[in-house]
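Take a look at the structure below.
Side chains included, hydrogens not; waters and symmetry mates left out as well; all remaining heavy atoms used.
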Amino acid sequence: MPNASLPHFPKNLQEQIIENSPSGMLLVDAQQPDMPIVYVNKAFERMTGYTADEVLGKNARFLQGSDHEQDGRLIIRQALANQEDCVAVLRNYRKDGSMFWNEIRISPIQNLEGTTTHFVGIQNDVTDRITSEASLAYSESRYHQFFENGSAVILLIDRHSGMIADANKAAADFYGYSLDHLKSMHIKDINTNSGEKAKQIMRQVTPDKRTVLTTRHRLASGELRDVDVYASPLDTTEGSFNYTIVVDITEKRVAEWRYRALFEQSNDGVFILDLMGKPLQVNQRAADLFGYSVDELLHLSNRDIVAPEKYESALNVLQQLLAGETVPPYSRIFRRKDKTLFFAELNMELVRDMDGNPIHIQRIVRDITERKLAENALRESEEKYRLLAEHVKEVIIKFSTDGICSYVSPAIYPMLGYQPEELIGHNAYDWVHPDDRASSQRTIRQSLAAG
């Protein structure tokens, strides 16, 4: 597709045709990293539930959610790499989480020099077609081969009785029953919901809506697993069924719970920021640290909480992270709601998705005010000691238990003719007469033992 224009129509009419097309249309920039979406039409918004503002700048693969094991992805990846047309069917997910089958036709757009600048995608919701094809193919051998050998856990449930009419090997392996035994069971035997609740769920699966349910299933071992169930009605000559694909999300749930526990119970303030530095999520410790409620803190920017003189350097850190640099822990002065300032140590990290694309920034804030005050007090004490030592006539020597000097006062010069820096790091006993060394060492040991 060398040119996207329609030479036989005025430009405004072309725009009306594109904008009002019943097919979803999107345009991606082939010359930007990760090929972001730069345009979608109204049909795309209706089909996916996302507004244009929510998708511009993203790669179109976000519509696949976490459902990455799809043959269509390889078709599209090869076509993009070869800058050629392709047609692929993908499982995509609307904003509300519902799944639909998306048939997408992709074509490259080239400029006058023959360089591919964009790809245009025309997509159609072919869920009804796929469902009809599945109904038709159910009695065919090729469908049985897919059903039996596929890696997805598939159950065919009689809509009226709730009995499991059919299941594939992946389902038998997942639930831990033999295939024959599984096909003799009722759905309530594996679903932890009550019988009445299970019937209500069955009734939710209607032809006009693809249903996604999150529930809990029981394995033959008695173990409970959290699952997402994608269900569609399937009418065949043999009866009316719910065609269900079961996805185990237990590990995902456990990971989410662990993350939530770490997030909320951390002794440090934790911020999840967007790529512009705006808070997306904060924990209660962060709110307590800054003196705001969680909701108030979510509506503040860096300018509101960073000490004014440190605001520009805070922006520089964001830019370093986005440029791919690793930022080591550093300190920053923050401002609480009551305008008091406090010292904090920050750990900033850019979080990427499995494709390497930046998705958000994690900032951990640790209050180090007491440590800073202690360090300042120590420096002041050492400075007072230094000033005192440098203005007395007596020689003051500070050395370790093995006699190595770490400090010598200036009064050493008139006495021995050495500058203090000449003696730092040397053994103090070197200046003691050999006849007196043993007694000097014994005196020092006794002093140390006395405490």
Side-chain angles (χ1 to χ4, degrees), residues 1-65 67-68 70-95 100-126 274-276 318-319 321-325 350 352-360:
M1 186 173 179
N3 197 311
S5 65
L6 302 174
H8 301 296
F9 299 98
K11 184 177 180 181
N12 63 341
L13 184 56
Q14 295 176 32
E15 293 173 352
Q16 290 183 39
I17 292 172
I18 293 171
E19 190 62 25
N20 295 300
S21 168
S23 298
M25 299 183 70
L26 66 157
L27 193 67
V28 303
D29 192 330
Q31 296 185 315
Q32 289 192 47
D34 207 34
M35 297 189 188
I37 298 171
V38 295
Y39 169 79
V40 295
N41 69 351
K42 293 178 181 177
F44 177 95
E45 294 179 313
R46 289 194 300 271
M47 188 180 304
T48 65
Y50 291 97
T51 65
D53 288 342
E54 291 175 309
V55 303
L56 295 183
K58 293 185 177 181
N59 185 285
R61 76 171 70 87
F62 84 94
L63 289 172
Q64 298 158 26
D67 191 0
H68 298 302
Q70 302 193 48
D71 294 338
R73 281 170 57 94
L74 180 59
I75 294 173
I76 292 174
R77 191 180 297 118
Q78 290 176 340
L80 294 178
N82 297 331
Q83 299 183 12
E84 59 188 17
D85 295 353
C86 76
V87 178
V89 177
L90 297 169
R91 291 184 299 275
N92 280 177
Y93 299 87
R94 300 182 181 89
K95 185 177 179 180
F100 68 99
W101 291 97
N102 181 13
E103 181 181 73
I104 183 164
R105 299 173 181 270
I106 297 175
S107 298
I109 298 176
Q110 299 174 346
N111 60 19
L112 296 177
E113 288 74 32
T115 300
T116 297
T117 61
H118 297 78
F119 285 93
V120 63
I122 300 175
Q123 58 182 37
N124 289 287
D125 184 345
V126 294
D274 68 15
L275 300 182
M276 299 299 292
L318 283 177
Q319 293 167 358
L321 286 171
L322 294 175
E325 298 180 31
L350 183 64
R352 301 176 182 273
D353 63 20
M354 62 181 60
D355 294 315
N357 304 309
I359 52 176
H360 62 252

Do you know the tightest heavy-atom contact between Met25 and Phe44?
O-CB, 3.9 Å
Measure the CZ-CG distance between Phe119 and Asp85 for me, rounded to the nearest 0.5 Å.
9.5 Å
Any idea which heavy atoms bring Leu350 and Leu321 closest together, and the distance?
CD2-O, 3.4 Å
Can any side-chain N or O of Arg91 pair as donor or acceptor with the backbone N or O of Gln64 at less than 3.5 Å?
no
Are more than 12 heavy atoms from other residues, nucleotides or ligands located less than 6.0 Å from atom CZ of Arg73?
yes
Could you check whether any side-chain N or O of Glu45 sits under 3.5 Å from a backbone N or O of Val40, counting only pairs where one atom can act as donor and the other as acceptor?
no
Can you name the closest pair of heavy atoms from Gly72 and Ala88 and give their distance?
O-CB, 3.9 Å
Can you check whether Asn59's main-chain N or O pairs, donor with acceptor, with Asp34's side chain at less than 3.5 Å?
no
Ignoring hydrogens and angles, tell me if any N or O in the side chain of Asp274 forms a donor-acceptor pair with the backbone of Met276 under 3.5 Å.
yes
Which atom names give the shortest non-hydrogen contact between Val38 and Asp29, and what distance separates them?
CG1-CB, 3.9 Å
Which heavy atom of Arg46 sits nearest to which heavy atom of Ser21, and what is that distance?
NH2-O, 4.1 Å
Looking only at atom types and distance, does a side-chain atom of Asn82 sit under 3.5 Å from a main-chain N or O of Gln78, one as donor and one as acceptor?
yes
Find the distance between OH (Tyr93) and CG (Leu63) and round it off to the nearest 0.5 Å.
11.0 Å
Heavy-atom side-chain proximity of Ile76 to Gln70 below 4.5 angstrom
no
Roughly how far, to the nearest 0.5 Å, is CD1 of Ile75 from CG of Leu80?
12.0 Å
Distance, nearest 0.5 Å, that separates CD of Gln110 from OG1 of Thr115
8.0 Å
Quick one: does Asn92's side chain get under 4.5 Å of Thr48's, heavy atoms only?
no
If every non-hydrogen atom of Pro22 is compared with every non-hydrogen atom of Ala43, which pair is closest and at what distance?
O-CB, 3.7 Å
Flag yes if more than 12 heavy atoms outside Asp71 fall under 6.0 Å of its CG atom; otherwise flag no.
no
Say you draw a straight line from NE2 of His118 to CD of Gln31; how long is it, rounded to the nearest 0.5 Å?
7.0 Å
With the side chain counted from C-beta on, respond yes when Ile104 and Leu26 share a heavy-atom pair under 4.5 Å apart, and no when they do not.
yes
With a 4.5 Å heavy-atom cut-off, do Val87 and Glu103 have their side chains touching?
yes
With rounding to the nearest 0.5 Å, note down the distance linking CG in Asp125 to CG in Asn102.
7.5 Å
For atom NZ of Lys58, is the number of surrounding heavy atoms from other residues, nucleotides or ligands below 6.0 Å larger than 12?
yes
Evaluate side-chain contact (heavy atoms from CB on, under 4.5 Å) for Phe62 paired with Ile37, printing each intermediate quantity in order.
CA-CA 11 Å; Phe62 84 94; Ile37 298 171; 4.3 Å; yes
